[in-house]
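Beneath this line is the structure, given in structure tokens, with notes to follow.
Note that these values count all heavy atoms, side chains included, but never hydrogens, waters or copies made by symmetry.
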Amino acid sequence: MAPAEGGRPVTTRAPGRTPWTTPVFLLAVVSLCYAVAQFSLVTTAFGIEWDEAVYISQFSGNGAPIAFHASRGWGTPLVVAPVVMFTDSIAVLRAYLMVLSALLLFGAFRIWLPVRPGRTVPLAAAIFAACWPAVLYGGEAMPNIFTALGAVALTGLVVRAAAPAASRGRGLLAATAGLVVLVALFRPTDTTVIVLALAAAVVLTPRAAARRDSLAVIAALGAGLAVAWGLWIVDAVRRYGGAAERMELATEYFGPYRWLAGHYLRALDGPVVCSTLDGCGPVTAGAAAWAAGFLLLAAAGSALLWRRGLRLAATASAAVAACAAGAYLYHPLLPHPRYLLPTYGLLAIAAAEGVVLLAAALRRRARAGCALAFCALLAAGHLFPQAGYLIDNVGRLAPGRARDVAVAADVKEIGYRRPCLVYGWHAPQIGHHLGCEAAGTSGGRPLPATPAHVPARAASGYSVIVVYRGDADRNAPDLASWPRHRLPSSGWYARMHDGRTGPGVPPDLARRESGLPGLPGL
């Protein structure tokens, strides 16, 4: 049965089609392959990074929560809470998140099947799932994959909810509002951009829906966004003293806004973060060709959707992809490829249409073998570069994350007691493994003059562990009296204070300083 705008009930299984070739089954296979790729190429042994340590610690049974910066959302801590409350095993957490992301991939793209039945949706899911940031962050305790899949699902719900009331499911509007709230728990500002793009697409798309239906969809989006920001404001008042205070803290590390399109182009193959604006490396020919092909296929697919009468599907996916990307292409922070995951997810839907269009044209004008060869060439051109980028980036990150585990193991051998504070390089990661509070500094740079809260913690009875490499403590002479230990597994050093008042720990600091500073959110 041919699909109609907004997703009237359709038959997704053609007569005589075997169960293992139905779109739902193919989508399940794609989701399974996505999980397998994570388990095999990233693995559950992959250590944690700074932001993950902060998110994990909020509900961890292993120790005190690390300072939660005002820019962060509570979605990720809530997702990992069922695991980290009972175990501090990173392998168990990785396995849980890898399986969960595969299930969410299935659910997000499954929403699109009534809009576009057939094999286009499984193909779209496969295109997205093969992108190296999607595989890398599928098993990480980070908000980006949840925001991306939430954007895909929310766009599909809006397209379906904009159908005439007679063919719209009774709960679609409620599901739309609820999903807005859930996605906003991870990144409320990103969700706001997505919601505004969807509302504009509903309003501006010709004959997308009757006026009454359009107003109902926009009302559902608005209600969800109002609830989401209401929760954010309540949390702001409770934890930061007010919305204005939280917003000021959330943007304290912002620099001037600038265009970063060129930097994101250079980061298509990594690294996972450009440590400086010039640290992304050159634009590689392979990455540029991949990006150009992806965009061309998406443009062709959007045009095909429009011609077939699926105008809102074309407009909404393009609008969300463009707005989600634009929010970071002009941005005050450093480029992170993971920020573009929502754009990849929405472009994948249109790109899959482009692949089907070109393959069908080749099959009509040439032999079927030509169409198969074309599809094989496209698959190789997508899978092999993305797999290479993934392996390269995992290879760069894995030694550093394994070293954090080794540093923590060496500190355990020396001995320490709780409550405790880790200060210095990679402090949040090391602090998580030790069950300590943490205050981190930039790795690879000399430690700054010791912040007052570090000796204050020692004066108040904490064990304080300062971790670094080489002579990075040269700018902190007040730590010179603390015992210095070489950590054999990593070659790093630790200065440790057992929490008893002694040289370099003025007792009055405990009265002058309280709490740790917030950590910058990424």
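- Note: Tyr253 and His69 meet the aromatic proximity criterion, with ring centroids under 6.0 Å apart.
- Side-chain atoms of Thr315 and Trp306 include no donor-acceptor pair closer than 3.5 Å.
- Judged purely by atom type and a 3.5 angstrom limit, Arg401 uses its side chain to pair as donor or acceptor with the backbone of Gly47.
- Considering only heavy atoms from C-beta on, Trp112 comes within 4.5 Å of Thr155 through its side chain.
- One side chain, His382 or Trp290, offers a donor N or O that lies under 3.5 Å from an acceptor on the other.
- Cation-pi geometry between Arg258 and Tyr330 is not met at under 6.0 angstrom from the ring centre and within 45 degrees of the axis.
- Taking 4.5 Å as the limit, every side-chain heavy atom of Leu329 sits out of range of all side-chain heavy atoms of Leu260.
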>> Between Tyr328 and Tyr264, is the side-chain contact (heavy atoms from CB on, under 4.5 Å) condition met? List the steps.
In response: CA-CA 9 Å; Tyr328 286 105; Tyr264 273 101; 3.8 Å; yes
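- Checked by atom type, the side-chain pair Ser101/Gln38 shows a donor-acceptor distance below 3.5 Å.
- Going from atom CG of Leu305 over to atom OG of Ser317 covers 6.5 Å, rounded to the nearest 0.5 Å.
- Scanning both residues, Ala130 and Gln386, for their nearest heavy atoms gives O-CB, 3.1 Å.
- In this structure a side-chain-to-backbone donor-acceptor pair under 3.5 Å is present from Arg266 to Gly281.
- The shortest non-hydrogen separation linking Asn393 to Gly270 is OD1-CA, 3.6 Å.
- At distances below 3.5 Å, at least one donor-acceptor pair connects side-chain atoms of Thr284 with backbone N or O atoms of Ala287.
- Scanning all heavy atoms of the two residues, the minimum distance from Ile145 to Tyr137 falls at CG2-O, 3.7 Å.
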> Could you walk me through whether Val158 and Val202 pass the side-chain contact (heavy atoms from CB on, under 4.5 Å) check?
Replying inline: CA-CA 8 Å; Val158 167; Val202 170; 3.7 Å; yes
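- Put simply, the side chain of Glu52 gets close to the backbone of Glu49: a donor and an acceptor are under 3.5 Å apart.
- For the residue pair Pro428 and Ile66, the shortest heavy atom distance occurs at O-CD1, 3.6 Å.
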>> For a salt bridge (Lys or Arg N to Asp or Glu O under 4.0 Å) check, start with the C-alpha distance between Arg116 and Glu353, then their side-chain angles and the critical distance, and finish with the verdict.
In response: CA-CA 10 Å; Arg116 193 67 184 94; Glu353 292 285 349; 2.5 Å; yes
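- Taking every heavy atom of both residues into account, His263 and Pro335 meet most closely at CB-CG, 3.6 Å.
- The shortest side-chain heavy-atom distance between His426 and Trp50 does not fall under the 4.5 Å cut-off.
- Residues Tyr339 and Asp190 have side chains that never bring a donor and an acceptor to within less than 3.5 angstrom of each other.
- For the residue pair Asp235/Trp74, the side-chain donor-acceptor check at 3.5 Å is satisfied.
- A donor-acceptor pair under 3.5 Å is formed between the side chain of Thr343 and the backbone N or O of Ala325.
- The minimum heavy-atom distance between Leu105 and Phe128, with the atom names listed, is CD1-CD2, 3.7 Å.
- A 4.5 Å side-chain heavy-atom check between Ile430 and Trp425 finds every atom pair outside the cut-off.
- With hydrogens and angles disregarded, a donor-acceptor distance shorter than 3.5 Å links the side chain of Thr176 to the backbone of Leu172.
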> Could you go step by step and tell me if Glu252 and Arg246 meet the salt bridge (Lys or Arg N to Asp or Glu O under 4.0 Å) rule?
Replying inline: CA-CA 10 Å; Glu252 64 181 324; Arg246 181 176 186 178; over 6 Å; no
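- Residue Phe254 qualifies as enclosed at atom CZ: its count of foreign heavy atoms under 6.0 Å is above 12.
- A salt bridge between Glu245 and Arg239 is absent, with no side-chain N of the basic residue lying under 4.0 Å from a carboxylate O of the acidic one.
- For an aromatic pair to be called close, the ring centres must be under 6.0 Å apart, and Phe186 with Phe146 satisfies this.
- Rounding to the nearest 0.5 angstrom, the gap separating the CZ atom in Arg338 from the CG atom in Leu136 is 9.5 Å.
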